[in-house]
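As structure tokens, the structure follows; a few thoughts come after it.
Note that the numbering runs from 1 along the sequence shown for the chain. Heavy atoms only: backbone and side chains are in, while hydrogens, waters and symmetry mates are out.
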Amino acid sequence: MIIRSIVGAVTTALIVTQSDAFTNTGASVRSRAPYQPTPLFAAPTADPVAASVARVEETLKEYMEASPGDREALLVPLREAMMAASSSTVGTNELFVKSEVKNIEVSAPPPINTQAMISHQVTLPATSAKEAVLTTASGTMEDLKQAVAAMDSTKVTTLLQSGLELDEVTTDKAFWTVVSAVNRAEALDQPLSADVPVMLHHIFDADLKHLLTREQIRTNVTCMMPEEAGANRIGMNYIFDDSAHKDLPLQEGRRCEGGSCCDKCSRNIFPTFASNDDINFDVFPGLESLTFNELETVSAATILQFTRLVERVRRTIAHEYGLPLSTILPLQAYSRKYVAGTTQQGGGGGEGDFVTLHTDEATHDGYHYSCVLYLSTQGEDFEGGNFVFNDPDPDVSNKVNEDDYELDYGSLEEVIRTAGRKFTPFSPTRGAAVIFSSGWENMHEVDKITSGVRHCVPCFFTTCPVPEAAYTQMHVGKPKTNEDIADDWLHLLLAHRKESMHESLGRVKELLMKWHMICTPLSEH
């Protein structure tokens with residue numbers, strides 16, 4: 001049965017809230033315009049008891065007649081009806097709720113996708129006999145699952161501190177519980193609960209633990225940076241000729257301008273950095289084209305999942321290079337697509353079918369660590385498009401005698417490009433990630449895409465500290481409570497409002513500067 005009035009009213013409330021709630025579009029302004037939510041039910045009759053009973057009966061009837069997939073969407077209004085009934089009368093309603101609702105298995109509601117109304121459900125497995133043995137002084141694994149489903153962050157924290165851990169299924173359940181809470185807060189024009197950031201922090205912790213159990217292919221490399229004298233000799237050629245990039249004289253060392261990088265460098269491949277469910281475009285619409293600058297029409301689930309993936313990268317970098325997490329901040333992260341037969345226009349986010357040889361730290365001196373997370377698979381979604389590390393080959397001379405080749409210009413150009421170089425290609429697969437230090441030890445390029453579309457998420461991180469003066473210039477400075485962190489999540493990330501380019505840039509700048517503070521508990525600030 002198609003769900004009628006209740007879901008329709010909820011949908012209307014969500015759409016109206018997302019477009020109108022943020023009337024003041026200043027990047028850091030916290031005030032919100034008054035908003036009257038669309039009524040979920042008809043106005044009560046003169047008899048409050050009869051009205052309460054009728055409300056529960058109507059919602060319960062909808063629930064019982066709905067398909068299993070539609071029932072989840074009715075759990076929230078059903079609970080609200082039951083609570084309203086309990087508060088309006090003691091006798092009749094109390095008996096009704098006890099007698100009629102006892103056979104309904106109530107679980108945490110799924111998220112409401114305001115764009116496509118996609119219902120994503122994660123079923124927690126029954127606690128096994130082995131799990132039942134996992135008992136601490138504070139509780140069992142089953143207690144942890146129930147606390148997650150109830151969005152009880154205090155109980156979850158206590159159980160985790162006692163030694164229990166979130167498995168992958170329960171972690172995903174926690175994520176969708178958070179999404180549901182965010183959707184409800186926006187629908188009702190309410191501030192986010194302090195439980196939201198606390199639960200997200202636990203999710204981020206668990207994500208890294210799960211990742212560290214998966215395959216990682218590490219190649220240690222010697223950190224390199226340009227020789228100043230050599231850079232002068234290359235002169236303007238290095239600046240204006242991409243093909244000269246490989247000829248830049250280098251010396252051992254880590255430039256890391258303005259930051260505090262590790263003195264060790266590496267390149268890492270994680271074949272399963274993200275699961276298929278993590279990057280499912282149907283579950284997370286818009287994930288393949290997301291930028292933090294344009295979030296007005298992006299669902300909360302997609303924004304939160306994108307943030308979750310970027311935070312997973314940040315924590316992986318801290319772990320890989322032994323750096324304090326507080327010293328690493330994202331400078332840029334966005335979804336990008338490469339399309340066969342196109343030429344890149346503008347900056348790094350534009351379409352194109354290849355990327356020329358470059359060094360990330362040469363592109364931006366604040367880029368200290370880099371990652372590319374792949375959202376599509378070579379051979380299925382596109383052809384060509386290898387990610388390639390391009391290194392000097394110590395066993396081969398890079399000098400080319402043009403008289404030794406009877407080639408056309410194009411072929412000779414390729415011979416010159418590849419002479420004395422060693423290429424290490426990586427064929428992108430959905431969910432894989434390449435994480436590496438951003439210096440000249442990791443020059444890289446992307447081969448030309450010959451067909452299809454290649455989606456990925458490039459991320460760049462800095463170890464440059466944020467000046468303290470920057471926080472004092474913000475409308476709202478450093479968060480001091482979990483409620484402050486929740487407020488930053490709502491207004492800096494879940495920005496469902498129209499913005500000018502100036503306002504968007506200001507919001508994103510503040511977001512990136514506060515990233516560590518919104519993604520970790522107060523004790524780690």
Next item on the list: Tell me, with the steps shown, if Leu329 and Leu512 meet side-chain contact (heavy atoms from CB on, under 4.5 Å).
Entry: CA-CA 7 Å; Leu329 293 174; Leu512 299 180; over 6 Å; no
Checklist line | side-chain contact (heavy atoms from CB on, under 4.5 Å) evaluation trace for Thr424 with Phe426 | finding: CA-CA 7 Å; Thr424 307; Phe426 173 71; over 6 Å; no
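- Rounded to the nearest 0.5 Å, atoms CE (Met225) and CG (Leu248) are 11.5 Å apart.
- At distances below 3.5 Å, at least one donor-acceptor pair connects side-chain atoms of Glu441 with backbone N or O atoms of Gly439.
- Below 30°, between 30° and 60°, or above 60°: for Phe284 and Trp176 the angle between ring planes is below 30°, a parallel geometry.
- A donor-acceptor pair is defined here as one N or O able to donate and one able to accept, closer than 3.5 Å; such a pair exists between the side chain of Asn268 and the backbone of Ile435.
- Between Lys480 and Asp484, the shortest heavy-atom contact is N-OD2, 2.9 Å.
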Next item on the list: Might you work through the side-chain contact (heavy atoms from CB on, under 4.5 Å) test for Asp263 and Cys223, ending with a clear yes or no?
Entry: CA-CA 7 Å; Asp263 60 0; Cys223 301; 5.8 Å; no
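- With hydrogens and angles ignored, the 3.5 Å screen pairs no side-chain donor or acceptor of Asn280 with any backbone N or O of Asp277.
- The heavy-atom pair separating Leu290 from Val298 by the smallest distance is CD1-CG1, 3.8 Å.
- Salt bridge present: Asp205 and Arg315 bring a charged side-chain N and a carboxylate O closer than 4.0 Å.
- The side-chain heavy atoms of Lys337 and Glu288, taken from C-beta on, include no pair separated by under 4.5 Å.
- Counting heavy atoms from C-beta outward, His368 and Cys464 have side chains that approach closer than 4.5 Å.
- Residues that satisfy the salt bridge (charged side-chain N to carboxylate O under 4.0 Å, His left out) test with Asp391, not counting sequence neighbours, are Arg267.
- Side-chain atoms of Thr316 and Leu208, non-hydrogen and from C-beta on, do get closer than 4.5 Å to each other.
- Side-chain contact check for Glu294 and Thr291: no donor-acceptor pair (N or O, by modelled atom type) lies under 3.5 Å.
- Between Glu320 and Lys264, none of the side-chain N atoms (NZ, or NE/NH1/NH2) sits under 4.0 Å from a carboxylate O, so this pair counts as no salt bridge.
- When all heavy atoms are compared, the tightest approach of Leu295 to Leu493 is CD1-O, 3.0 Å.
- Glu499 and Arg507 are joined by a salt bridge, as a carboxylate oxygen and a charged side-chain nitrogen come within less than 4.0 angstrom of each other.
- Residue-environment remark: NE2 (His525) exceeds the threshold of 12 foreign heavy atoms within 6.0 Å.
- Distance alone, capped at 3.5 Å, places no donor-acceptor pair between the Ser180 side chain and the Thr177 backbone.
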Checklist line | Intermediate values then yes/no, side chain to side chain donor-acceptor pair (under 3.5 Å), Thr450 and Glu383 | finding: CA-CA 5 Å; Thr450 57; Glu383 298 293 341; 5.6 Å; no
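- For Phe382 and Tyr338, the distance between ring centers is not under 6.0 angstrom.
- Listed by chain and number, the residues in a side chain to side chain contact (heavy atoms under 4.5 Å, CB included) with Asn220 are Arg218, Ser266 (sequence neighbours excluded).
- For the residue pair Thr222 and Glu252, no side-chain donor N or O sits within less than 3.5 Å of a side-chain acceptor on the partner.
- Nearest approach of Val178 to Met151, heavy atoms of both residues: CG2-CE, 4.0 Å.
- Here Leu357 contributes atom CG and Phe389 contributes atom CZ; the two are 12.0 Å apart, rounded to the nearest 0.5 Å.
- Ion pair Asp207/Arg308 flagged as a salt bridge, since at least one NZ, NE, NH1 or NH2 atom sits closer than 4.0 Å to an Asp/Glu carboxylate oxygen.
- Annotation: Lys509, atom NZ; neighbour count of heavy atoms from other residues, nucleotides and ligands within 6.0 Å does not exceed 12.
- A distance of 9.5 Å separates CG in Leu211 from CD in Glu168, rounded to the nearest 0.5 Å.
- Remark: side-chain polar atoms of Ser376 are paired, donor with acceptor, to backbone N or O of His455 under 3.5 angstrom.
- Counting heavy atoms from C-beta outward, Leu492 and Phe292 have side chains that stay 4.5 Å or more apart.
- Side chains of His516 and Arg314: a donor on one and an acceptor on the other come within 3.5 Å.
- Counting heavy atoms from C-beta outward, Pro285 and Thr302 have side chains that approach closer than 4.5 Å.
- Of the possible donor and acceptor atoms, none in the side chain of Arg254 sits under 3.5 Å from a partner among the backbone N and O of Cys265.
- Counting only distance, with no hydrogens or angles, the side chain of Ser370 and the backbone of Ser438 share no donor-acceptor pair below 3.5 Å.
- When atom types are taken as modelled, the side chain of Ser504 and the backbone of Asn293 share a donor-acceptor pair closer than 3.5 angstrom.
- Going from atom CD1 of Ile279 over to atom CG of Leu373 covers 6.0 Å, rounded to the nearest 0.5 Å.
- Of the charged side-chain nitrogens involved, none lies within less than 4.0 Å of a carboxylate oxygen, so that Glu445 and Arg421 do not count as a salt-bridged pair.
- The two residues Ser335 and Leu375 have their closest heavy-atom pair at OG-CD1, 4.5 Å.
- Relative orientation of the Tyr334 and Phe460 rings is tilted, given thresholds of 30° and 60° on the angle between their planes.
- Panel note: side chain Asn386, backbone Val388; no donor-acceptor pair is recorded below 3.5 Å.
- Taking the six-membered ring where the residue is Trp, His444 and Phe387 present parallel rings, their angle staying beneath 30° rather than reaching 60°.
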Margin query: Using the rule given for side chain to side chain donor-acceptor pair (under 3.5 Å), can you reason through Thr157 versus His202, listing the C-alpha separation, both sets of side-chain angles and the distance that settles it, and then say yes or no?
Written below: CA-CA 8 Å; Thr157 300; His202 291 319; 2.8 Å; yes
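- A cation-pi contact, defined as under 6.0 Å to the ring centre and within 45° of the axis, links Arg312 to Phe273.
- Residues Leu309 and Val313 have side chains not in contact (no heavy-atom distance under 4.5 Å, counting atoms from C-beta outward).
- Under a 3.5 Å cut-off, the side chain of Trp489 and the backbone N or O of Leu494 do not form any donor-acceptor pair.
- Rounded to the nearest 0.5 Å, atoms CG (Leu192) and CD1 (Ile485) are 12.0 Å apart.
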Checklist line | side-chain contact (heavy atoms from CB on, under 4.5 Å) between Glu524 and His201, worked out | finding: CA-CA 11 Å; Glu524 297 180 23; His201 301 159; over 6 Å; no
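- With contacts defined as side-chain heavy-atom distances shorter than 4.5 Å, the pair Val457/Leu287 does not qualify.
- Taken as a pair, Cys261 and Cys256 meet the criterion of an SG-SG distance shorter than 2.5 angstrom.
- A pairwise comparison of heavy atoms in Val198 and Ala194 identifies CG2-O, 3.4 Å as the closest pair.
- Taking 4.5 Å as the limit, every side-chain heavy atom of Gln332 sits out of range of all side-chain heavy atoms of His364.
- Here Leu159 contributes atom CG and Met141 contributes atom CE; the two are 9.5 Å apart, rounded to the nearest 0.5 Å.
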